[in-house]
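Report on the structure given below.
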Number of protein chains: 2
Amino acid sequence: MPTETFFNLPEEKRERILNAAIDEFSQQSIKNSSVSKIIKNAGIPRGSFYQYFSDIKDFYKYILNIIGDKKLKYLYYVMGNLDNLGTLEIIGELYISGIKFAKDNPKLAAIGNKFLKESDEVKKEFLGELEGKSNDFFYQILKKGQEKGDISEDVDIETAAFMFFNMNIAMVDDFIKGLSIGGELVGIDAFLDKADKILYIIGNGIKKR
Amino acid sequence: MPTETFFNLPEEKRERILNAAIDEFSQQSIKNSSVSKIIKNAGIPRGSFYQYFSDIKDFYKYILNIIGDKKLKYLYYVMGNLDNLGTLEIIGELYISGIKFAKDNPKLAAIGNKFLKESDEVKKEFLGELEGKSNDFFYQILKKGQEKGDISEDVDIETAAFMFFNMNIAMVDDFIKGLSIGGELVGIDAFLDKADKILYIIGNGIKKR
DNA sequence: CAATAATATGACATCGGTGTCATATTGTAT
DNA sequence: ATACAATATGACACCGATGTCATATTATTG
């Protein structure tokens with residue numbers, strides 16, 4: 001956690017530092033990120049950085065929390081309707097939420113996606129007890145779906161969860177890459193469409209007939 | 001390319017250096033790999049390294065070529081039977097070949113997979129003209145499959161190619177992770193099975209009925 | 001054997017990064 | 001105004017990496 005001092009900073013300065021770090025972490029893995037670049041871009045002296053954070057990991061952890069909080073807001077709708085929606089609808093909403101989050105917060109999404117791809121070791125270091133493998137969530141949804149009769153019994157839901165999880169990452173990656181190359185070259189609609197197509201294929205592959 | 005001197009080296013030494021580099025590149029991205037670690041593990045002096053390679057990228061490029069050559073051998077069967085096999089069979093064979101290659105050459109597969117995930121920039125740097133986006137191959141196969149009537153016209157084959165490509169990477173990653181954690185904890189059969197299940201789902205999702 | 005070519009070696013200059021600390025500056029309370 | 005606390009600052013010691021180069025060793029050849 002950042003020190004009290006950091007939170008006492010005038011908003012403008014705090015934001016400047018935060019943005020510099022977000023820039024850095026969205027381009028570099030935590031391992032390759034450097035304090036030097038952050039302070040240079042934020043325009044603060046080296047000593048100050050260590051007045052605010054114990055080290056760069058401390059800062060990273062803090063930003064990871066911000067991302068978690070912010071992303072959660074995009075999931076309110078699905079989370080509140082897990083019982084009303086069909087299994088494939090739920091997953092569809094999860095995908096859509098992820099893309100919208102990425103559209104509104106491209107750098108944060110980039111950091112989050114980078115983090116998801118870190119090794120379990122690194123994840124554990126920052127999340128504490130690696131709270132459930134990341135694709136557990138899809139697994140639970142699919143399991144319920146199979147019980148509800150939405151999903152064919154022929155389908156191995158662990159595999160399906162693996163697929164949804166990895167396609168989600170691949171998609172968001174792709175989206176972010178599109179954003180950073182062409183600015184608005186490929187709009188969000190193209191990606192929502194792509195998500196749709198992916199879901200159509202997997203959905204078609206796993207649904208009960 | 002390595003220098004003549006490198007190729008003149010006694011086999012034992014050459015192999016030692018090669019293996020040290022393979023170890024390094026399979027754990028680290030090229031960006032994070034260091035000459036220092038390679039020479040330390042190979043037990044050669046610093047100056048020698050630069051007698052053999054212009055720099056670490058030179059060495060990396062060379063190993064990338066070795067990987068390409070070696071992997072190609074695993075694809076002989078499919079490549080020779082593109083016309084006799086059904087579209088989903090072809091893709092299945094590609095997956096199987098990839099897993100077998102990874103089983104026989106786990107470190108090389110790790111390097112290859114890491115490379116596939118590099119940015120286009122990096123890829124271009126090492127491949128020259130980024131010879132066709134990597135998922136082009138699946139695209140061509142699927143396109144032919146659609147013409148042959150194997151694949152439903154409802155399916156967007158670009159999306160399907162995207163899926164096959166990314167699932168392939170995710171699978172091999174998973175396989176390698178399993179290998180390095182438990183030695184032989186999860187055997188190759190479990191993975192061939194997983195590949196099967198993935199193909200069943202996507203296949204079921206895209207095939208013509 | 002002598003001379004020349006090929007190869008080996010590690011000390012070195014240089015760079016970019018980290019975290020600390022003594023000191024300077026600013027803010028606050030009496 | 002003074003004293004005390006909070007904050008700011010950048011020089012510094014230290015680390016690990018890169019690529020080079022003068023020198024040493026070994027091989028080859030006439």
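Lettering of chains follows the sequences in order, A, B, ..., and the numbering in each one begins at 1. Below, each value reflects all heavy atoms present in this structure, side chains not excepted, and no hydrogens, waters or symmetry copies. In this text, all values refer to a predicted model and were calculated from it rather than measured experimentally.
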Side chain to side chain contact (heavy atoms under 4.5 Å, CB included) partners for A/K13, two or more places apart: A/L9, A/P10, A/R16, A/I17, A/I44, A/Y52
Run the salt bridge (charged side-chain N to carboxylate O under 4.0 Å, His left out) test against [X] and tell me which residues pass, sequence neighbours left out.
X: A/D104; result: none
X: B/K37; result: B/E24
X: A/K143; result: none

Side-chain contact test, heavy atoms from C-beta onward, threshold under 4.5 Å: evaluate it for B/N166 versus B/F138 and give yes or no. no
Nucleotide of D/dT7, D/dG19, C/dT18 approaching B/D55 most closely (side-chain heavy atoms): D/dG19
Between A/Y50 and C/dG19, is there a side-chain N or O to OP1/OP2 distance below 4.0 Å? yes
Counting only pairs under 3.5 Å, give me each side-chain donor-acceptor contact of residues 105-113 of chain A, with atom names and distances, residues two or more places apart or in other chains.
{"from": "A/N105", "atom 1": "ND2", "to": "A/Y74", "atom 2": "OH", "distance (Å)": "3.3"}
{"from": "A/N105", "atom 1": "ND2", "to": "A/F101", "atom 2": "O", "distance (Å)": "3.1"}
{"from": "A/K107", "atom 1": "NZ", "to": "A/D23", "atom 2": "OD1", "distance (Å)": "2.7"}
{"from": "A/N113", "atom 1": "ND2", "to": "A/I169", "atom 2": "O", "distance (Å)": "3.1"}
{"from": "A/N113", "atom 1": "ND2", "to": "A/D173", "atom 2": "OD1", "distance (Å)": "2.9"}

Could you state the [atom1]-[atom2] distance from [X] to [N], rounded to the nearest angstrom?
X: A/I38; N: C/dG16; atom1: CD1; atom2: P; answer: 18 Å
X: A/F59; N: C/dT18; atom1: CZ; atom2: C1'; answer: 17 Å
X: A/R14; N: D/dT7; atom1: CZ; atom2: P; answer: 13 Å
X: B/F7; N: C/dT7; atom1: CZ; atom2: C1'; answer: 16 Å
X: B/N8; N: C/dA5; atom1: CG; atom2: P; answer: 17 Å

With a 3.5 Å cut-off and sequence neighbours excluded, list the donor-acceptor pairs that the side chains of residues 76-83 of chain A form with protein atoms.
{"from": "A/N81", "atom 1": "OD1", "to": "A/N84", "atom 2": "ND2", "distance (Å)": "2.7"}
{"from": "A/N81", "atom 1": "ND2", "to": "A/Y77", "atom 2": "O", "distance (Å)": "2.8"}

All N/O pairs under 3.5 Å across the protein-nucleotides 8-12 of chain D interface:
{"from": "D/dA8", "atom 1": "OP1", "to": "A/K13", "atom 2": "NZ", "distance (Å)": "3.4"}
{"from": "D/dA8", "atom 1": "OP2", "to": "A/Y52", "atom 2": "OH", "distance (Å)": "2.8"}
{"from": "D/dA8", "atom 1": "N7", "to": "A/Q51", "atom 2": "OE1", "distance (Å)": "3.0"}
{"from": "D/dG10", "atom 1": "N7", "to": "A/G47", "atom 2": "N", "distance (Å)": "3.3"}

Not counting sequence neighbours, list each pair that qualifies as a side chain to side chain donor-acceptor pair (under 3.5 Å) and has a residue in residues 85-101 of chain B. B/T87-B/D150
Going by heavy atoms closer than 4.0 Å, what residues in residues 18-37 of chain B are next to DNA chain D? B/S34, B/V35, B/S36
